[in-house]
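The next block holds one structure in the form of structure tokens; read it before the comments.
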Amino acid sequence: NAFLQLNSNRAISLFVCFRWEEERYTDGVKWKFLEHKGPVFAPPYIPLPDKVKFYYDGKHMKLSPQAEEVATFFGKMLDHEYTTKDIFRKNFFKDWRKEMKPEEKSTIVDLNKCDFEEMNQHFKDQSEARKQMSKEEKLKLKEENEKLLQEYGFCIMDNHKERIANFRIEPPGLFRGRGNHPKMGMLKRRIRPEDIIINCSKDSKVPVPPHGHKWKTIRHDNKVTWLVSWTENIQGSIKYIMLNPSSRIKGEKDWQKYETARRLKKCVDKIRAQYREDWKSKEMKVRQRAVALYFIDKLALRAGNEKEEGETADTVGCCSLRVEHIKLHTELDGQEYMVEFDFLGKDSIRYYNKVPVEKRVFKNLQLFMENKQPEDDLFDRLNTSILNKHLQELMDGLTAKVFRTYNASITLQQQLKELTNPDENVAAKILSYNRANRAVAILCNHQRAPPKTFEKSMQNLQTKIDAKKDQIGMARRELKGAKADHKVKKDEKTRKSVESKKKALQRVEEQLMKLEVQATDREENKQIALGTSKLNYLDPRISIAWCKKWDIQTEKIYNKTQREKFAWAIDMADEDYEF
DNA sequence: TACATCACTTAGGACTTCCACC
DNA sequence: GGTGGAAGTCCTAAGTGATGTA
């Protein structure tokens with residue numbers, strides 16, 4: 001098909017021997033045969049023991065099972081900051097009251113008068129007890145889990161047994177959105193078999209619903225990849241059970257994603273020249289499109305689809321930037337034409353950046369902002385659909401997110417070339433790899449909360465480094481002594497002693513270097529998450545080629561799960577691979 | 001063209017397991 | 001054997017973008 005033809009003949013001949021390349025369907029067909037056992041439901045609610053009491057206004061109150069279950073969701077979270085937030089409390093209380101019996105409803109009218117403390121303690125005790133379980137009990141639990149995985153964790157898709165990503169239905173609880181979410185605290189209701197749509201092939205054994213229940217629908221749609229779906233009650237969106245990243249269907253898609261990004265590499269110069277040209281366009285719409293694309297390309301911003309107001313946290317991407325999200329400085333930090341970005345992106349992660357831009361971009365931004373309020377759209381003539389339609393015309397399969405993939409992967413390749421020092425040892429090379437990875441994570445703004453134990457663990461490491469330095473001093477003195485001894489005696493025994501002291505010194509010096517590398521790596525990584533780019537943006541063939549080139553084990557950069565996900569790349573890439 | 005729906009990828013944090021070190 | 005902390009896994013929210021519908 002068209003996609004295969006885009007690839008080199010060599011790639012094709014290599015491919016046919018891999019299982020993810022066995023069959024390719026046309027017309028959006030994703031599989032011919034699909035059989036699975038359906039989802040695993042959340043365990044039923046176990047009512048609290050009588051000794052665990054709930055108090056309203058200081059008085060003990062026995063709750064009905066339905067009301068009690070929802071109360072425990074709140075009680076479990078008492079230590080979390082969420083439960084102090086007004087919106088969270090308001091949403092929770094409203095939904096909780098819906099679950100109450102009429103008499104409960106008339107009594108419980110103020111959340112502030114509710115005392116969930118005993119519930120909270122009960123769950124703490126439970127989790128403590130779980131930790132204190134005997135070896136045998138833990139093993140038994142592990143075996144039961146394994147059994148469940150074996151039974152429900154796999155499916156058959158086109159002659160292959162494939163691992164399912166999420167075969168467990170999400171348990172009920174209180175919705176925890178990210179950032180300032182208007183729906184935080186709402187009750188996420190329990191999913192029953194009657195909510196579930198099953199997708200499988202007609203000629204397969206259809207999964208059996210739990211006793212006394214039936215499925216909502218059974219479908220046989222081979223144009224989609226999901227096995228199970230249901231509609232979630234918070235946003236009304238659909239949730240799916242799909243396959244693991246190691247599966248053929250996901251691996252192939254992943255590979256395809258990077259091939260699209262590589263095609264962009266071939267025409268990116270032309271596209272850049274084009275949007276620079278468009279900065280001068282007579283049409284406002286074209287100018288806005290060109291400036292937005294420039295940001296997406298230069299800063300790896302996300303596309304920025306419109307969002308329904310009041311349904312989600314207020315976050316933006318490129319096309320949905322508002323005037324209030326940027327500041328223009330004719331001069332800043334000694335540089336001309338600076339744009340200062342400050343906005344909340346996906347997952348309410350802050351994007352803060354000061355970037356010098358070309359004069360023409362700067363002038364355009366001034367124009368776009370003229371006579372606008374802070375809360376007005378910066379690109380009022382643009383949205384993602386307009387932008388993507390334009391991109392589609394520039395290259396088949398090109399969308400805004402391809403730029404992120406392309407820029408991430410090309411940055412990794414460049415950085416690896418630049419940072420890898422052939423003379424350094426494996427540990428130092430891996431530090432270089434992590435630094436290259438980090439450059440990408442910074443570009444894509446992949447942040448994480450600094451680990452709670454960061455300062456402490458850094459201190460501990462420093463203590464170790466100091467101790468190691470003392471050891472080196474000691475080893476040096478011993479070597480010196482041995483050398484002096486040998487100078488006098490000149491016999492075999494003292495010669496051997498010098499040798500062994502030399503080796504000992506070398507060993508501790510190496511250990512020190514390792515520790516120092518570790519410290520540097522950790523410090524630089526404090527607020528940056530490497531995993532997201534590694535998993536989603538970096539063509540794994542670049543990393544595999546690098547490993548082969550420098551004779552570094554793949555295991556040093558990819559753990560088992562990652563190796564499974566990138567199996568296609570591990571087999572495909574040799575040391576000469578170029579993104 | 002606006003809007004809704006659907007399917008799929010991308011994301012950070014919570015939770016669990018593992019392993020080096022005492 | 002116990003434990004701290006890192007690594008790995010799980011969870012599910014929050015994006016992107018295609019397509020259908022009025």
Side-chain angles (χ1 to χ4, degrees), chain A residues 28 30 42 77 80 127 130-131 135 138 141-142 145 149 153 165-171 173 175-179 181 183-184 188 197 199 221 223-226 229 231-232 234-245 249-250 253-254 256-257 296 302-308 311-313 315-320 344-349 383-389 391-392 397-405 408 441 444-449 451-454 456-461 464 518 521-522 525 527-537 558-562:
Chain A
K30 304 288 169 57
M77 299 173 76
H80 204 290
S127 88
R130 221 172 306 128
K131 277 186 209 147
K135 269 234 170 79
K138 279 186 182 165
L141 219 62
K142 205 175 165 183
N145 252 317
L149 172 69
N166 54 324
F167 56 90
R168 283 171 214 272
I169 297 281
E170 296 171 16
F175 176 77
R176 307 148 83 130
R178 313 223 171 112
H181 198 116
K183 299 201 168 184
M184 63 167 88
K188 205 171 102 162
I197 303 172
N199 194 33
D221 183 356
K223 301 261 173 91
V224 297
T225 68
W226 53 268
S229 76
T231 301
E232 153 270 349
I234 304 288
Q235 330 257 8
S237 66
I238 308 167
K239 300 259 185 167
Y240 303 93
I241 291 182
M242 291 186 195
L243 296 192
N244 196 72
I249 209 151
K250 294 286 183 191
K253 197 82 189 294
D254 207 32
Q256 194 174 94
K257 174 180 79 188
I296 284 169
R302 293 186 186 84
N305 283 317
E306 289 115 302
K307 304 170 68 178
E308 220 176 322
E311 290 291 299
T312 59
T315 63
V316 296
C318 186
C319 294
S320 50
L344 296 181
K346 180 174 178 183
D347 293 325
S348 294
I349 297 290
N383 60 40
T384 53
S385 140
I386 296 171
L387 178 65
N388 281 333
K389 249 179 218 129
L391 293 175
Q392 186 58 236
L398 187 61
T399 61
K401 89 185 188 99
V402 179
F403 280 87
R404 241 166 111 80
T405 312
C444 296
N445 200 39
H446 291 143
Q447 297 189 31
R448 62 165 183 177
K452 286 185 192 82
T453 54
F454 186 83
K456 207 177 134 220
S457 78
M458 219 49 204
Q459 261 172 21
N460 289 348
L461 197 55
K464 273 192 196 169
Q518 203 186 348
D521 210 25
R522 200 184 294 172
N525 245 2
Q527 298 197 66
I528 299 162
L530 299 187
T532 306
S533 49
K534 204 176 195 176
L535 239 43
N536 301 301
Y537 288 102
Y558 288 140
N559 67 31
K560 188 166 156 275
T561 317
Q562 292 164 340

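Quick note on labels: first sequence line is chain A, next is B, and so on, each numbered from 1.
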Note: for Ser533(A) and His80(A) on DNA chain B, the residue whose nearest nucleotide lies more 5' is Ser533(A)
With a non-hydrogen cut-off below 4.0 angstrom, is Ile234(A) in contact with a base, only sugar-phosphate, or nothing?
nothing
Reported OG1-to-CZ distance for the pair Thr399(A) and Arg404(A), which is rounded to 0.5 angstrom
12.0 Å
Per-nucleotide protein contact string for nucleotides 3-8 of chain B, where B marks a base within reach and S marks sugar-phosphate only (heavy atoms under 4.0 Å, - for neither)
---SBB
To the nearest 0.5 angstrom, please state how far the CD1 atom of Ile296(A) sits from the OG1 atom of Thr384(A).
9.0 Å
Can you tell me how far apart CG (Leu243(A)) and NZ (Lys250(A)) are? Round to the nearest 0.5 Å.
7.0 Å
How many angstroms lie between atom NZ of Lys183(A) and atom CD1 of Ile234(A), to the nearest 0.5 angstrom?
7.0 Å
Report yes if a side-chain nitrogen or oxygen of Tyr537(A) is closer than 4.0 Å to either non-bridging phosphate oxygen (OP1 or OP2) of dA11(B); otherwise report no.
yes
Quick test: give all pairs of protein nitrogen or oxygen and nucleotides 10-18 of chain C nitrogen or oxygen below 3.5 Å, distance rounded to 0.1 Å.
unit_1  : atom_1 : unit_2    : atom_2 : d
dA13(C) : OP1    : Lys188(A) : NZ     : 3.1
dA13(C) : OP2    : Lys239(A) : NZ     : 2.3
dA13(C) : O4'    : Arg178(A) : NH2    : 3.4
dA14(C) : OP1    : Arg178(A) : N      : 2.7
dA14(C) : OP1    : His181(A) : ND1    : 3.3
dA14(C) : O4'    : Asp347(A) : OD1    : 3.4
dG15(C) : OP1    : Thr315(A) : OG1    : 2.8
dG15(C) : OP1    : Asp347(A) : N      : 3.2
dG15(C) : OP2    : Lys307(A) : NZ     : 2.8
dT16(C) : OP1    : Ala303(A) : N      : 3.3
dT16(C) : OP1    : Gly304(A) : N      : 2.7
dT16(C) : OP2    : Asn305(A) : N      : 3.0
dT16(C) : OP2    : Asn305(A) : ND2    : 3.2
dG17(C) : OP1    : Thr399(A) : OG1    : 2.9
dG17(C) : OP1    : Ala400(A) : N      : 3.2
dG17(C) : OP1    : Lys401(A) : N      : 2.7
dG17(C) : OP2    : Asn388(A) : ND2    : 3.1

Between Lys389(A) and Gln447(A), the residue closer to the 5' end of DNA chain B by nearest nucleotide is Lys389(A)
Any idea how Tyr240(A) and Trp226(A) line up, ring-wise: parallel (<30°), tilted (30 to 60°), or perpendicular (>60°)?
tilted
Are any of Thr561(A)'s side-chain N or O atoms less than 4.0 Å away from OP1 or OP2 of dG8(C)?
no
Asn536(A) atom CG is separated from dG12(B) atom C1', nearest whole Å, by 12 Å
Taken to the nearest whole Å, CG/Leu530(A) to C1'/dA11(B) is 14 Å
Can you tell me the distance, in whole Å, between the CZ atom of Arg130(A) and the C1' atom of dC15(B)?
10 Å
Rounded to the nearest Å, what distance is computed from the CG atom of residue Asn445(A) to the C1' atom of nucleotide dA11(B)?
12 Å
Non-hydrogen atoms of Thr231(A) and Gly236(A) that approach each other most closely
CG2-O, 3.6 Å
Global bending angle along the helix from dT1(B)-dA22(C) to dC22(B)-dG1(C), which compares the axes of five pairs at either end, to 10 degrees:
10°
Is any side-chain N or O of Asn559(A) closer than 4.0 Å to OP1 or OP2 of dA7(C)?
no
Would you name the heavy atoms of Gln235(A) and Glu311(A) that are closest together and state the gap between them?
OE1-O, 3.2 Å
Between Asn145(A) (CG) and dT17(B) (P), how many Å, whole number?
8 Å
Please check: side-chain N/O of Lys346(A) versus main-chain N/O of Thr315(A), any donor-acceptor pairing under 3.5 Å?
no
Heavy atoms of Gly397(A) and Val402(A) approach each other most closely as O-CG2, 3.8 Å
Non-hydrogen side-chain atoms of Leu535(A) and Gln562(A) separated by less than 4.5 Å
yes
Quick one, Cys444(A) and Thr532(A) - any side-chain contact, counting heavy atoms below 4.5 Å?
no
